[in-house]
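Okay, so here's the structure we're looking at.
Chain A is the first sequence line, chain B the second, and so forth, proteins listed ahead of strands; every chain is numbered from 1.
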2 protein chains.
Amino acid sequence: MKLTCPITGPKPYHHGDLRRALLDAASRVLEREGPNALSLRAVAREAGVSPAAPYHHFKDKSELMLAISEEGFDQLYDFMRQSADPDGPPMERVAAIGVAYVEFAKAHPSIYRVMYDCSRDLEALPDKAHKAEDGAYSLLKKAMIDLGVVSSDQEVDLELACIAAWCAAHGLAEMVGFRQFDSLKAKMGGEKAFLAGVLSHLGTFGQARNRG
Amino acid sequence: MKLTCPITGPKPYHHGDLRRALLDAASRVLEREGPNALSLRAVAREAGVSPAAPYHHFKDKSELMLAISEEGFDQLYDFMRQSADPDGPPMERVAAIGVAYVEFAKAHPSIYRVMYDCSRDLEALPDKAHKAEDGAYSLLKKAMIDLGVVSSDQEVDLELACIAAWCAAHGLAEMVGFRQFDSLKAKMGGEKAFLAGVLSHLGTFGQARNRG
DNA sequence: GGTTCGATCTAATCACTGTCAAGATGAACT
DNA sequence: AGTTCATCTTGACAGTGATTAGATCGAACC
């Protein structure tokens, strides 16, 4: 019979906790050299182990990426929660959540990219990553209910509103984080004004679709 | 002195037009095996040439991807133009453009992914890909002006509205194209209803931000 | 027509990657 | 003590992006 930790799995033997060390190493490689340089071997090198060592903790390269993605969503969730005062007006809360999302993507572009690359691979993440995402998603959902725009008993409508907000935030993250729009930002006097400006026009598309 | 075609560069010698053939081969590989399988060697194999042959037409792998991306944006532009009746009401036109965008992404997920992977690499595409994108972007811009929500003389405001629409469409493309939401779609009776539903809530986020 | 010249393609090679099988290590259990 | 077994290393394989030197073919020139 073996003593195993219910969280991290079997107790580490040689290395202190290689799984943890590998994830940290991956994070470092990502921040330093970008997502294109993220190879299993580079991660192993960074952690100071042999190229094959990671295979005892991750079945695949994609499983490593998935783990990074999960951690990323956890971090995102934390950041959102910190940013949104649960006692403040729901309007501000929804806004704060959205801004936090965009700022996270801008602050950690490489991790954000891994997160979305993973979530696009349909065959992977049956429910695993969705579970990690649920934290952030449920936070938004709650704020949306409190906002009162959609009645909480209309489950479908609520879901749609959350998806809309999420996809707006994702689109914004791509645009604000990875594109420059430097001249436009300068004209508007800063990125915050730019962001607010884009947000104010977000409804136009939807209105056109529904009236048209 | 040499006769060179101003469009395709120097006239092809051995192969009929290897550059063209390579792009077609790349497109085939993408559709068949997905973006992860897109290697220079695979493309060369598909085109029936040696692994080094592509390097006479593309400096890099990334330059090949960039060319694919450019073609993708051209295709997207064409599809948008076909979808939006220029004589119809501008409301419908904006909606049609947005829907066309989302449907293109869903119909050609691999190409769409390459398009956005390229446009995220900041160091690449100084103006080249933006030029190709301009076609699609200017189409939206024109429709937005005709929509009359923003006055055409307020250049900054117009730009913001276009960016907002573009980023909403991108977010939608990711959500509708790559995520499933199958149960939700079923509840709403089809994907079109789902899409319309999400769109109708798109403004909520922006309103919250501005009022909050 | 034959020659030359340069664009085009091939062959060979290098460093790197993901992945695997087989062996070495050493902590934990009897 | 000795055994067990997860952990890690070694060594290897195929496939990748990239570069080089050399073969080859086409078009222009005489």
Classify the ring geometry between A:F79 and A:F104 as parallel (under 30°), tilted (30 to 60°) or perpendicular (over 60°).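 Ring orientation, 0 to 90° scale: tilted.
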From [atom1] of [X] over to [atom2] of [N], roughly how many Å is that when rounded to an integer?
X	N	atom1	atom2	answer
B:L40	C:dC9	CG	P	14 Å
B:E63	D:dA18	CD	C1'	14 Å
B:K61	D:dG15	NZ	P	16 Å
B:R45	D:dA14	CZ	C1'	11 Å
A:Y55	C:dT19	OH	C1'	4 Å
B:L38	D:dG15	CG	C1'	15 Å
B:L18	C:dT10	CG	C1'	13 Å
A:K59	D:dT7	NZ	C1'	20 Å

Does [N] have OP1 or OP2 under 4.0 Å away from a side-chain N or O of [X]?
X	N	value
A:H57	D:dA6	no
B:H56	C:dT10	no
B:R41	C:dT17	no

Any side-chain donor near an acceptor of the partner, A:Y101 and A:Y112, under 3.5 Å: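 A:Y101 vs A:Y112: donor-acceptor pair found between side chains.
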Identify the residue among A:Q82, A:Q75, A:R81 that makes a side-chain hydrogen bond (donor to acceptor under 3.5 Å, both in side chains) with A:D78.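 Exactly one candidate clears the test, A:R81.
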If you pin B:D60 and A:P51 to their nearest nucleotides in DNA chain D, which one's is more 5'?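 This one resolves to A:P51.
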Selected nucleotide, minimal atom distance to A:S39 side chain, candidates C:dT10, D:dT10, C:dG18: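 Among the listed nucleotides, the one closest to the side chain of A:S39 is C:dG18.
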Ring centers of B:F73, B:Y77 separated by less than 6.0 Å: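 For B:F73 and B:Y77, the ring centres are not under 6.0 Å apart.
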A:S50 near the nucleic acid: base, sugar-phosphate alone, or nothing, with a heavy-atom cut-off under 4.0 Å?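 Base contact.
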Can you tell me how far NE2 of A:H170 sits from CE of A:M115, rounded to the nearest 0.5 angstrom?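 The NE2 atom of A:H170 is 10.5 Å from CE of A:M115, to the nearest 0.5 Å.
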